[in-house]
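Written out below as structure tokens is the structure these notes cover.
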Amino acid sequence: MSSVSETIKLENLLIEQKPLPRYDPEHLRLELEINNQVEVIGKPSSYRLKGNEISLRFFDIEVSGHLRQLGNTPDEILMRLRTNNIWRIGRRQSGVYVLTSVRSIIPTEEEFRLANKLLEVYSPLEVVVRGMGYEDREDVYKLMTPRIMALVVDELPLHVAQLTPPESGKTYFGIWAMKYAGWFYTTSPPTAAGMFYDGRTGTYGFAIISNGVIFDEMDKWNPMYVQQTNILTYLPTFLENGVVVRPTSRLHTLGVVERMINTVWFGNYSVGYEFEKDPVQRIFVSWGDNYGALIDRIAIVHVENKPIRISQHLTNHVLPETLMYAVLTSIKNTKVDINMFTSRLKGRQKRHSIAIQIAGFKLGAEVPPDMADEIVQYGWASTWEKYKGMDING
């Protein structure tokens with residue numbers, strides 16, 4: 001969709017897609033017991049600190065290590081925890097599992113330079129979509145753009161809810177975001193201890209150790225279980241301000257968590273609606289959110305009633321993992337002056353509109369203020385239909 005430089009072509013950088021790494025926790029544990037060591041590619045699901053020691057959890061395996069194994073500065077250590085790495089775990093005779101080594105798979109300086117060159121030639125949104133392995137199609141952009149927007153904005157919170165028909169690539173995107181963007185993907189309702197902080201053990205949860213969270217299958221969550229988790233006590237404030245205050249024990253007194261991340265909420269579409277936000281709102285109400293606290297935090301609601309079998313548009317060729325991470329990081333780090341964006345909305349809705357405009361700016365897909373306002377008020381699909389798509393080239 002963009003002009004192509006003679007010196008760099010996106011298609012020349014694409015490689016054949018390899019299966020994403022999947023692990024059977026029972027198989028991992030057996031390998032660890034039999035061979036006394038095992039290798040995992042990914043990132044831990046939680047961690048806790050005690051002095052200069054750190055305990056990491058990979059599936060149901062708890063591993064002990066030293067902070068120096070992860071880095072020499074707080075930023076280096078957090079980078080290790082929040083991005084994919086190659087972790088080698090060993091077993092001692094005492095039965096304790098220890099971290100024997102960790103190798104980084106983050107981008108090199110040369111890959112960051114190459115990513116920046118790509119972004120000078122192509123629309124950033126096109127680089128991400130084609131780099132994910134998709135064809136350059138309008139239906140692909142309709143589904144993928146809201147998801148990608150959540151990946152690249154950190155100036156303001158930007159949360160997305162999508163209810164779409166089957167075969168629209170939700171699970172693929174969730175697993176892809178774990179591998180390429182350091183996000184966490186789950187199909188289960190969260191608990192406050194698992195998501196934020198467990199005051200009994202001092203363990204940080206997946207929202208603290210990830211760059212973002214994708215909740216899938218939200219339409220299938222048991223409303224009674226969601227209410228029993230008491231997660232709604234914490235979610236609205238966390239989505240708004242990135243702050244959680246958790247009860248603590250006498251041993252672990254740190255109960256305040258501050259970490260601003262974006263979220264994407266996925267579900268299948270199965271009911272009719274008068275207004276696009278209605279199906280999502282009905283799900284939230286079934287969880288006990290009777291006053292709209294959750295729906296008010298969602299910047300983009302997309303309920304798609306048109307069957308879009310996005311798997312038909314997969315090319316099986318993607319950007320290498322580290323290069324894609326460099327692309328996403330460079331897009332996210334694009335300098336933005338928030339004051340250059342306007343909105344006729346007020347309060348939280350105005351902030352949502354500006355967040356959407358920032359995302360469009362970073363992705364090279366301009367979203368005019370009126371269009372952003374209408375996305376916030378009426379939904380993504382409704383606005384997309386009215387404006388006949390969007391300008392991917394900015």
Side-chain angles (χ1 to χ4, degrees), residues 2 4-5 7-21 39-44 56 68-88 99 101-134 144 147-155 172-185 209-214 259 261-262 315-336 359 362-364:
S2 313
V4 181
S5 166
T7 59
I8 185 169
K9 291 186 178 181
L10 178 56
E11 51 266 32
N12 292 340
L13 298 173
L14 300 176
I15 62 173
E16 186 172 352
Q17 186 173 20
K18 298 178 181 179
L20 297 175
E39 191 172 86
V40 177
I41 301 175
K43 64 189 187 68
L56 308 164
R68 289 293 184 184
Q69 291 177 275
L70 276 68
N72 296 314
T73 67
D75 286 342
E76 288 180 2
I77 293 171
L78 289 173
M79 172 69 83
R80 295 280 196 187
L81 292 171
R82 294 172 182 171
T83 60
N84 291 319
N85 294 277
I86 302 172
W87 309 81
R88 180 159 287 279
L99 182 65
S101 68
V102 52
R103 301 200 310 277
S104 175
I105 53 175
I106 62 174
T108 63
E109 290 185 9
E110 178 58 33
E111 285 174 310
F112 274 111
R113 284 194 291 269
L114 184 56
N116 288 325
K117 288 180 181 178
L118 273 175
L119 297 173
E120 290 173 0
V121 175
Y122 296 86
S123 155
L125 182 57
E126 182 183 352
V127 174
V128 177
V129 168
R130 291 179 59 192
M132 289 179 67
Y134 287 109
M144 299 306 301
R147 307 172 189 180
I148 296 169
M149 281 182 164
L151 297 180
V152 301
V153 172
D154 58 7
E155 291 80 3
Y172 176 86
F173 182 84
I175 297 173
W176 175 89
M178 278 202 306
K179 181 178 180 182
Y180 289 87
W183 278 46
F184 187 83
Y185 170 78
I209 204 170
S210 305
N211 292 330
V213 178
I214 293 174
R259 178 99 203 281
I261 62 170
N262 295 335
T315 66
N316 199 37
H317 287 84
V318 299
L319 283 178
E321 178 178 344
T322 50
L323 181 55
M324 175 59 88
Y325 190 91
V327 165
L328 291 171
T329 301
S330 297
I331 296 173
K332 191 172 184 178
N333 291 340
T334 301
K335 298 298 183 183
V336 174
K362 289 186 174 185
L363 291 170

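Starting from 1, each residue takes its place in the sequence as its number.
Using a 4.5 Å heavy-atom threshold, the side chains of Leu14 and Lys9 count as separate. Between Ile8 and Leu114, some side-chain heavy-atom pair lies under the 4.5 Å cut-off. The shortest side-chain heavy-atom distance between Leu319 and Val127 falls under the 4.5 Å cut-off. For the pair Val152 and Val128, the minimum side-chain heavy-atom distance is 4.5 Å or more. Contact check for Leu125 versus Ile331: no side-chain heavy atoms found under the 4.5 Å cut-off. At a threshold of 4.5 Å between non-hydrogen side-chain atoms, the residues Arg130 and Glu11 count as touching. With contacts defined as side-chain heavy-atom distances shorter than 4.5 Å, the pair Pro44/Ile209 qualifies. Between Leu328 and Lys332, the closest side-chain pair of non-hydrogen atoms is not below 4.5 Å.
With sequence neighbours left out, the side chain to side chain donor-acceptor pair (under 3.5 Å) criterion links Arg113 to Glu110. Taking Tyr325 as the reference, nothing meets the ring-ring contact (aromatic ring centres under 6.0 Å, His included) condition, with sequence neighbours excluded. Listed by chain and residue number, Leu67, Leu70, Leu81 satisfy the side chain to side chain contact (heavy atoms under 4.5 Å, CB included) test with Ile77 (two or more places apart in sequence, or in another chain). Every side chain to side chain donor-acceptor pair (under 3.5 Å) that Ser330 has, sequence neighbours left out, goes to Asn116. For Asn316, the side chain to side chain contact (heavy atoms under 4.5 Å, CB included) test picks out Glu16, Gln17, with sequence neighbours left out. For Arg88, the side chain to side chain contact (heavy atoms under 4.5 Å, CB included) partners are Gln37, Glu39, Thr100, Ser101, not counting sequence neighbours. In this view, Glu155 and Lys362 satisfy the side chain to side chain donor-acceptor pair (under 3.5 Å) rule, not counting sequence neighbours. Annotation: side chain to side chain donor-acceptor pair (under 3.5 Å) contacts of Arg103 (sequence neighbours excluded): none. In this view, Glu120 satisfies the salt bridge (charged side-chain N to carboxylate O under 4.0 Å, His left out) rule with no residue, not counting sequence neighbours. Checked against ring-ring contact (aromatic ring centres under 6.0 Å, His included), Trp87 has the following partners two or more places apart in sequence or in another chain: Phe58. Qualifying salt bridge (charged side-chain N to carboxylate O under 4.0 Å, His left out) partners for Glu321, counting only residues two or more places apart in sequence or in other chains: Lys179.
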Check the pair Tyr180, Val318 against side chain to side chain contact (heavy atoms under 4.5 Å, CB included), reporting the backbone distance first and the verdict last. CA-CA 11 Å; Tyr180 289 87; Val318 299; 4.1 Å; yes

List the steps, then state whether side chain to side chain contact (heavy atoms under 4.5 Å, CB included) holds for Phe173 with Met132. CA-CA 9 Å; Phe173 182 84; Met132 289 179 67; 3.7 Å; yes

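The two residues Pro107 and Thr322 have their closest heavy-atom pair at CG-O, 3.1 Å. Nearest heavy-atom pair across Pro124 and Leu363 is CD-O, 3.4 Å. In terms of heavy atoms, Lys43 sits closest to Gly182 at CE-O, 3.3 Å. Across all non-hydrogen atoms, the minimal contact from Ile214 to Trp183 is CG1-CE3, 3.5 Å.
Taking CG of Leu151 as the start and CG of Asn211 as the end, the distance is 9.5 Å to the nearest 0.5 Å. The CG atom of Leu13 lies 12.5 Å from the NE2 atom of His317; values are rounded to the nearest 0.5 Å. Taking CE from Met79 and CG from Asn85, the interatomic distance works out to 9.0 Å, rounded to the nearest 0.5 Å.
Under the 6.0 Å cut-off for aromatic ring centres, Trp176 and Tyr172 do not qualify, their centroids lying 6.0 Å or more apart.
Here salt bridge (Lys or Arg N to Asp or Glu O under 4.0 Å) pairs that include residues 68-86, with residues two or more places apart or in two chains, number zero.
Distance alone, capped at 3.5 Å, is enough to place a donor-acceptor pair between the Gln69 side chain and the Leu99 backbone. Using a distance-only test at 3.5 Å, with no hydrogens or angles considered, no donor-acceptor pair links the side chain of Asn84 to the main chain of Ile41.
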